[in-house]
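I have placed the structure first, in the form of structure tokens, so that the comments after it can refer back to it.
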Amino acid sequence: MLFGRISILRCLMPSHSSSFQIFLDVMCNLVNMMMASTKLYAPAKVPAIIIESEGEKIERDIQKLLNSSEIHENFGGVLDKLSNRLVVRPVHMTLNSSNRLIRLLTEHGKELHQNDMQSILTVLYDNALLYSHQLTERSMNIVYDDIVQMMTRLVEVMDQLKVANDMINELQNKTMTRPNADPIEYIRLFMITPFDDSYKPVETAVRQVFERAPFYFQVQLARDSYKADTLVKNIQCHIADAHVFVAEISELNPNVMMEVGGILISDDTRPVFALRDKDSREKGSAPVDFGDRLTFSYDRRTDSAELIAKQIKDQIYKEGRLVHEALKELKKARKKRFLSRTLLEGFREAALRDDAIEMICRKFAAVEDFLDAKEGRLETLGVTKKGLSE
């Protein structure tokens with residue numbers, strides 16, 4: 001019945017099939033007991049089929065018979081022994097290289113999150129099962145659950161796209177994203193990163209690089225302070241107040257790319273730097289708009305913040321000298337040095353307690369304000385200038 005509806009035209013040429021090989025490898029890694037290959041067959045609307053040898057079909061029929069409850073009641077012990085002797089063989093699924101879904105997955109699969117890719121491949125396998133009429137009652141329930149999960153995920157993505165489009169439309173309003181025209185006291189760096197605890201070492205590393213000497217910038221994330229009563233307006237205010245941006249684009253997170261897009265589409269001249277980990281660098285999936293922008297690379301976000309900070313610094317400095325013009329200009333424009341918790345924690349000689357650091361940061365916005373303060377005022381905070389004046 002299967003081959004009555006499928007016409008396998010030809011195997012792919014080696015030069016053509018190589019473009020599918022990475023996708024096939026990913027598929028076999030994500031789906032257990034799966035062997036996959038690619039052929040060109042009709043109709044093109046069928047993305048995948050399962051092809052069995054005659055021996056495999058006989059084994060499947062025997063297994064179906066062994067699973068029958070009526071037979072199992074009378075011959076349970078014998079059937080169990082026979083079932084244990086059957087070899088569990090991997091499923092051989094043949095993908096249709098002329099199918100649009102297969103082509104899209106081949107071209108863009110590496111940009112998908114692993115969980116989304118696994119869900120798509122699972123439903124692709126379910127589709128092949130349906131087409132080959134290999135469904136049992138148990139597998140029908142599994143297919144049903146897989147399809148419901150995929151539809152749920154599709155609705156969630158549509159909702160995320162709607163939110164992202166609404167935010168982009170608002171961010172396009174230049175009156176909201178226009179750079180702050182007030183005289184610069186200290187430099188504000190807005191860091192755009194996925195809201196995920198796994199990125200905490202990266203955030204800490206950026207603070208260690210830019211909140212300490214020689215930059216003394218203020219590093220802020222949207223969640224650090226709320227400058228408006230809605231999510232979109234809060235981001236708009238952060239963007240408007242910032243002088244420089246750092247975006248973590250390793251996973252091409254939709255929210256991150258939306259915020260970056262709101263900056264780039266408004267002809268903004270403020271510097272935008274990208275952060276990427278080693279894996280995304282090797283995949284080469286960087287947005288075109290970042291082609292001529294400085295990208296800081298690091299190995300893995302599971303590394304320590306200190307190691308990531310060192311890797312970033314190694315790209316900023318050459319032979320101890322700052323080499324990037326945009327960072328030089330920002331330093332030159334700075335009137336004061338921002339006094340941050342990261343900076344104070346770095347003074348080992350002072351060994352300040354957390355409560356002292358918190359009081360200093362609350363009372364003084366800039367290093368110069370602290371240094372100009374009278375000793376009496378500092379003593380009320382339980383600190384002195386010793387160890388901090390340099």
Side-chain angles (χ1 to χ4, degrees), residues 159-160 162-197 199-200 202-212 215-249 253-275 326-327 330-331 333-345 357-370:
D159 184 59
Q160 290 175 2
K162 181 181 182 303
V163 172
N165 284 330
D166 290 344
M167 294 179 76
I168 286 175
N169 289 336
E170 291 198 48
L171 287 169
Q172 283 178 318
N173 185 344
K174 294 184 179 181
T175 61
M176 293 297 293
T177 58
R178 186 178 298 125
N180 194 335
D182 294 338
I184 296 177
E185 284 202 339
Y186 49 82
I187 301 298
R188 288 180 288 274
L189 183 154
F190 184 44
M191 184 177 181
I192 307 170
T193 183
F195 189 71
D196 188 322
D197 287 342
Y199 285 92
K200 188 64 178 177
V202 182
E203 174 193 338
T204 303
V206 170
R207 292 187 186 278
Q208 289 178 359
V209 172
F210 291 105
E211 288 192 335
R212 291 176 179 169
F215 298 108
Y216 301 98
F217 295 169
Q218 178 188 24
V219 176
Q220 278 205 316
L221 281 68
R223 62 177 178 268
D224 287 346
S225 63
Y226 294 93
K227 304 183 178 186
D229 55 358
T230 67
L231 174 64
V232 174
K233 289 183 179 179
N234 183 53
I235 293 174
Q236 288 175 333
C237 290
H238 275 285
I239 291 175
D241 287 345
H243 304 105
V244 58
F245 306 91
V246 170
E248 214 302 339
I249 63 169
N253 178 276
N255 290 333
V256 170
M257 302 315 296
M258 176 276 300
E259 293 177 37
V260 173
I263 300 166
L264 298 181
I265 61 178
S266 60
D267 296 325
D268 206 311
T269 59
R270 290 171 292 177
V272 181
F273 302 134
L275 271 175
L327 292 175
L330 288 168
K331 272 190 62 184
R334 179 194 72 201
K335 298 294 188 297
K336 292 184 177 182
R337 294 166 291 176
F338 181 71
L339 184 58
S340 66
R341 168 175 283 273
T342 307
L343 176 62
L344 293 174
E345 289 174 343
I357 290 176
E358 185 176 344
M359 284 191 291
I360 293 173
C361 290
R362 190 164 56 242
K363 295 288 184 180
F364 306 101
V367 173
E368 286 74 13
D369 296 336
F370 175 84

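- Side chain of His238 to main chain of Ser225: a donor-acceptor pair is present (N/O by atom type, distance under 3.5 Å, no hydrogens or angles).
- More than 12 heavy atoms of other residues, nucleotides or ligands sit less than 6.0 Å from atom NZ of Lys227.
- For Asp224 and Arg341, the salt-bridge test fails: no basic side-chain N is under 4.0 Å from an acidic carboxylate O.
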Tell me, with the steps shown, if Met191 and Val202 meet side chain to side chain contact (heavy atoms under 4.5 Å, CB included).
CA-CA 10 Å; Met191 184 177 181; Val202 182; 4.1 Å; yes

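- Between Phe217 and Leu330 there is a side-chain heavy-atom pair separated by less than 4.5 Å.
- Residue Phe245 is tested with Ile239, Val260, Leu264 for a side-chain contact (heavy atoms from CB on, under 4.5 Å); the sole match is Ile239.
- The pair Arg207-Glu345 fails the salt-bridge criterion, with no side-chain N (NZ, NE, NH1 or NH2) lying under 4.0 Å from an Asp/Glu carboxylate O.
- Applying the salt bridge (Lys or Arg N to Asp or Glu O under 4.0 Å) criterion to Asp196, with sequence neighbours excluded, gives no partner residue.
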Set out, in order, the CA-CA distance, both residues' side-chain angles and the distance that settles side chain to side chain contact (heavy atoms under 4.5 Å, CB included) for Ile187 and Phe215, then state yes or no.
CA-CA 8 Å; Ile187 301 298; Phe215 298 108; over 6 Å; no

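- A distance-only check finds a donor-acceptor pair linking the side chain of Arg188 to the backbone of Asp241 [under 3.5 Å].
- What you find for Ala242 and Arg270 is that their closest heavy atoms are O-NH1, 2.7 Å.
- The closest side-chain heavy-atom distance from Leu343 to Val367 is below 4.5 Å.
- Using a 4.5 Å heavy-atom cutoff, the side chains of Thr193 and Val206 are not in contact.
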Can you list the steps and then say if Leu339 with Asp369 is a side chain to side chain contact (heavy atoms under 4.5 Å, CB included)?
CA-CA 9 Å; Leu339 184 58; Asp369 296 336; over 6 Å; no

Pair Val232-Gln236, side chain to side chain contact (heavy atoms under 4.5 Å, CB included): steps then yes or no
CA-CA 6 Å; Val232 174; Gln236 288 175 333; 3.9 Å; yes

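- Residues Leu327 and Phe273 meet the side-chain proximity criterion, which asks for heavy atoms closer than 4.5 Å.
- Looking only at side-chain heavy atoms (C-beta outward), Gln218 and Ser340 stay at 4.5 Å or farther from each other.
- Contact between Arg337 and Tyr186 at its shortest, heavy atoms only, is C-CB, 4.4 Å.
- Residues Glu248 and Val256 have side chains not in contact (no heavy-atom distance under 4.5 Å, counting atoms from C-beta outward).
- The heavy-atom pair separating Phe190 from Leu221 by the smallest distance is CE1-C, 3.8 Å.
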